[in-house]
Structures are given as C-alpha cells and as structure tokens.
A.B. asks: 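One structure is given below, represented as structure tokens, and several questions about it will come after.
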Protein chains: 2
Amino acid sequence: MSEMKIGQLAKASGVKTDTVRYYETLKLIEPAGRTRSGYRVYDEAAVDRITFIRRSKSLGFKLSEITSLLELQTSQTASCEDMLLRTKAKIKEAEENIQYLKRMRNALESLAADCPGGAQPLTECPILDYLAASTIEMNNK
Amino acid sequence: MSEMKIGQLAKASGVKTDTVRYYETLKLIEPAGRTRSGYRVYDEAAVDRITFIRRSKSLGFKLSEITSLLELQTSQTASCEDMLLRTKAKIKEAEENIQYLKRMRNALESLAADCPGGAQPLTECPILDYLAASTIEMNNK
DNA sequence: CTTGACCTTAGAGTATACTCTAAGGTGCAT
DNA sequence: ATGCACCTTAGAGTATACTCTAAGGTCAAG
C-alpha cells in the first residue's frame, strides 16, 4: 500500500478526505502525483505527514504554526533550539490559558459556594446579584 | 443621563456601538425606544444589562447561554437552583478545559525536557522525533 | 451496461463574537 | 450653510478548522 488515493490516506491517518484537501489548500500536504484521471496519489510519507499534523494539533499548535514546524523539519539549517523555542512558547501559552481558566473557575466556585440553591427565589441569589450589580467593578474580558 | 443614545450606552458600559447592535440581533438587549429620527434610546437599565453580559462572559458563559441567564433573571418561576446548576455546569466545563490544557502542557514539558536545544541538528531532536514517528500511537484531538 | 463506491471542483455553510464598510440621514455649533 | 460628530441599515470581513453541497467524472464488478 505504498501508493494510495485520498480515501485510503484518510483512513490510514484518521482524518476525512475533506480535511486532507483542506490541508492541501493550506500547503500542509501535497499529493505525490495524480493519476491520468486526476485522482490524487499519495505515498506512505503522506501518512506520516498527517500524523505529524495531528500530533502537533494535539499539543496545541495551530495549523498556521504547524506549517512552520513542517518547514523546520525539512530545513537544513534549523537547529534543535528552534524547535525547543516553539515548544517553550507553546508551554507558556498553555500555562496562561490554564491560569485564566483557573481564575474563572475560582470565581464561579466562590459564587456557587454563596448560593443556597434549592427553591430560594432568584431575588436572593448571590450569583445573579453579582452579575447584575452596578456598583462593583469588574476585570475585563 | 437616564436617557441615552447608543454611543453613550457603549461608553458607559465599555463596549462598542457595533457590539450593542450585535447584541440586539441576538435579542440580548433592546432599546427602550427610538427618537423620531430613528436613533435608539436606552435607559440606565441598559447599562446594567450590558454589564451583566460582560460579567457573564468573563465567567466563561457564551452569548447563547447568557440569553438564558437573562431570561432566568426576569423569570417569576425560576429558583436559585436553576442558577446554581448553570454555574456548576460551567465550573465543570472550566475544570475539563484546565485538565485538557494541563495534559497538553505536561506533554510539551516532557518533550522540552528531553530536547538538548542549542545548535544540535534537528535529526537528533526528540520533539520532532515524537511528532514524526510512525509507530507510537496517539490520543486524538 | 448499469450500479456503486470512489474521485474531481468550486463554493457555501458551521460556530463564535465581533468588526468594518458603504452610503446616507440627524442635529448642533459656528 | 457647512462642518462635524453622531446616528441609520444591510451586508461583508476576520479568525479557526473544518464540513458539506452540487454537479459531475472514474472504475471495477456483475
């Protein structure tokens, strides 16, 4: 199965054919060639390339960033440092998002802790009070 | 300043006029009326409503969910429990996102820890190795 | 020779939350 | 009367990553 059409590649790499074509528009992947009738033909390396994309995505890289990772991979001049820097930047990004979500979760939890729940009328609800109160000022975003 | 036009409301509540109009299309807010010439007119309550939306957003609620929170607020039959349930669901969501990001960050960190960095050629880079390797299987998404 | 699974393209739709553009009307001051 | 800041609408654009539709061509099996 070293030569395959888009459907086989899709199945082998766990994405949809549409996704492969979409990646092609982003220059993330190119078919090795075409059949006489115009069908895309891929080799085994294409499966690795889709796998690379999927794994990068699972680590939080955007498709636009993956373009750059793939260039790195085939670059003659790039060093480990380049990849490490991208990785560290992504760690920082993840860390920031975690902190942001934690602040959110903590705020929600302290509101939840104050709320009696049950059949109390909403006029007594500290959560709605917080949301609607006009005096307290808030941090944006 | 109990009566105001959209620009004043926007300034008073910290959003753009476009955003106010956009919220109107989502039925999140409605002007109290219109001037003879067709200008939207708002009252003080509108500022509170935008504030409500902004605070809800800062807690992670989507605009579509905020529609429902606002309905809750004006409902006669709703109880504290309703609000508490929505809050708890949102906490769970935040928690899941935090866990997801932590897994991502941990994976990135263990890759970074293995990478020598510096001027090492990329053929030696364990990060790229991981991304490109065809044998190891991965967890999706 | 027809059926069915597969492939092709261009282009639109989905979700989220805006943001901007164009073309034009309003209202107050100078 | 003219300039300016403000307002109006409909509709398109932004970002991300697909996903789907329509209309049609290809190819092997029965």
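Just so it is clear: chains get the letters A, B, ... in the order the sequence lines come, proteins before strands, and each one is counted from 1.
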A.B. asks: With sequence neighbours left out, what residues match B:Ser37 under side chain to side chain donor-acceptor pair (under 3.5 Å)?
C.D. replies: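 B:Ser37 satisfies side chain to side chain donor-acceptor pair (under 3.5 Å) with B:Thr35 only.
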A.B. asks: Using distance only, find each side-chain donor-acceptor pair of residues 81-90 of chain B under 3.5 Å and give its atom names and separation, not counting sequence neighbours.
C.D. replies:
from, atom 1, to, atom 2, distance (Å)
B:Glu81, OE1, A:Gly118, N, 2.5
B:Asp82, OD2, B:Ser79, N, 2.8
B:Arg86, NE, B:Ser68, OG, 3.1
B:Arg86, NH1, B:Asp82, O, 3.2
B:Arg86, NH2, B:Ser68, OG, 3.2
B:Thr87, OG1, B:Met83, O, 2.8
B:Lys90, NZ, B:Gly60, O, 3.1
B:Lys90, NZ, B:Glu65, OE1, 2.8
B:Lys90, NZ, B:Glu65, OE2, 3.3
B:Lys90, NZ, B:Glu93, OE1, 3.2
B:Lys90, NZ, B:Glu93, OE2, 3.0

A.B. asks: Touch check for B:Ile6, heavy atoms < 4.0 angstrom, all strands: base, sugar-phosphate only, or nothing?
C.D. replies: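 The answer is sugar-phosphate, as B:Ile6 gets under 4.0 Å only of primed atoms, P, OP1 or OP2.
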A.B. asks: Take A:Thr17 and B:Tyr39, find for each the nucleotide of DNA chain C with the closest heavy atom, and name the residue whose nucleotide sits nearer the 5' end.
C.D. replies: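 It is A:Thr17 whose nearest nucleotide is closer to the 5' end.
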A.B. asks: Please list, in numerical order, the residues of residues 62-74 of chain B that have a heavy atom closer than 4.0 Å to any atom of DNA chain D.
C.D. replies: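 Under 4.0 Å from DNA chain D: no residue of residues 62-74 of chain B.
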A.B. asks: When rounded to the nearest 0.5 angstrom, what is the spacing between OH in A:Tyr130 and OG in B:Ser56?
C.D. replies: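 Reported value, rounded in 0.5 Å steps: 8.5 Å.
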A.B. asks: Can you name the salt bridge (Lys or Arg N to Asp or Glu O under 4.0 Å) partners of A:Glu30, sequence neighbours left out?
C.D. replies: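 Checked A:Glu30 against salt bridge (Lys or Arg N to Asp or Glu O under 4.0 Å); zero matches.
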A.B. asks: May I have all residue pairs that pass salt bridge (charged side-chain N to carboxylate O under 4.0 Å, His left out) and include part of residues 7-23 of chain B, sequence neighbours excluded?
C.D. replies: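 Listed once each, the pairs are B:Asp18-B:Arg21.
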A.B. asks: Within the sub-3.5 Å range, which N or O atoms of nucleotides 1-3 of chain D have a protein N or O partner, and how far apart are they?
C.D. replies:
none

A.B. asks: Do any side-chain atoms of residues 105-114 of chain A form donor-acceptor pairs under 3.5 angstrom with protein atoms, and if so which ones, sequence neighbours left out?
C.D. replies:
from, atom 1, to, atom 2, distance (Å)
A:Arg105, NH1, B:Glu95, OE1, 2.9
A:Asn106, ND2, A:Lys102, O, 3.3
A:Ser110, OG, A:Ala107, O, 3.3

A.B. asks: Rounded to the nearest 0.5 Å, what separation is found between the CG atom of B:Leu70 and the CD1 atom of B:Ile29?
C.D. replies: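 Going from the CG atom of B:Leu70 to the CD1 atom of B:Ile29 covers 9.0 Å.
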A.B. asks: At their closest point, which heavy atom of A:Val41 faces which heavy atom of A:Arg34, and how far apart are they?
C.D. replies: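 Looking at all heavy atoms of both residues, the shortest contact is CG2-C, 4.1 Å.
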A.B. asks: Go through DNA chain C in 5' to 3' direction and return only the first and the last nucleotide with some atom under 4.0 Å of chain A's heavy atoms.
C.D. replies: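 Range of nucleotides touched by chain A: C:dC6 to C:dT9.
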A.B. asks: So what does A:Arg36 touch, heavy atoms closer than 4.0 Å: a base, only the sugar-phosphate, or nothing?
C.D. replies: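 Nothing, no nucleic acid heavy atom in range.
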A.B. asks: Heavy atoms under 4.0 Å, any strand shown: does B:Arg21 hit a base, just sugar-phosphate, or nothing?
C.D. replies: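 Touches a base.
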A.B. asks: Select from A:Ser37 and A:Lys16 the residue whose nearest nucleotide in DNA chain D is closer to the 5' end of that strand.
C.D. replies: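 Taking each residue's closest nucleotide, the earlier one in sequence belongs to A:Lys16.
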A.B. asks: If I take atom CG from residue B:Leu131 and atom CG from residue A:Asp48, how far apart are they, to the nearest 0.5 angstrom?
C.D. replies: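 Reported to 0.5 Å precision, the distance equals 12.0 Å.
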A.B. asks: Got a sec, which residues hit salt bridge (Lys or Arg N to Asp or Glu O under 4.0 Å) with A:Lys92, two or more places apart in sequence or on another chain?
C.D. replies: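 In terms of salt bridge (Lys or Arg N to Asp or Glu O under 4.0 Å), with neighbours along the sequence ignored, A:Lys92 is linked to A:Glu96.
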A.B. asks: For the helix from C:dC1-D:dG30 to C:dT30-D:dA1, how many degrees between its two end axes (five pairs per end), to the nearest 10°?
C.D. replies: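 Between the axes fitted at each end of the helix from C:dC1-D:dG30 to C:dT30-D:dA1 lies an angle of 40°.
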A.B. asks: Has the side chain of B:Arg49 got a donor or acceptor atom that lies under 3.5 Å from a matching backbone atom of B:Leu28?
C.D. replies: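 Yes; at least one donor-acceptor contact below 3.5 Å.
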A.B. asks: If the condition is side chain to side chain donor-acceptor pair (under 3.5 Å), which residues does A:Thr77 pass it with, not counting sequence neighbours?
C.D. replies: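 Checked A:Thr77 against side chain to side chain donor-acceptor pair (under 3.5 Å); matches are A:Ser75.
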A.B. asks: With DNA chain C as reference, determine whether B:Ile53 or B:Lys5 sits nearer its 5' end, using the nearest nucleotide of each.
C.D. replies: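 That would be B:Ile53.
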A.B. asks: Who passes side chain to side chain donor-acceptor pair (under 3.5 Å) against B:Glu24, sequence neighbours left out?
C.D. replies: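 If we apply the side chain to side chain donor-acceptor pair (under 3.5 Å) test to B:Glu24, skipping adjacent residues, the hits are B:Arg40.
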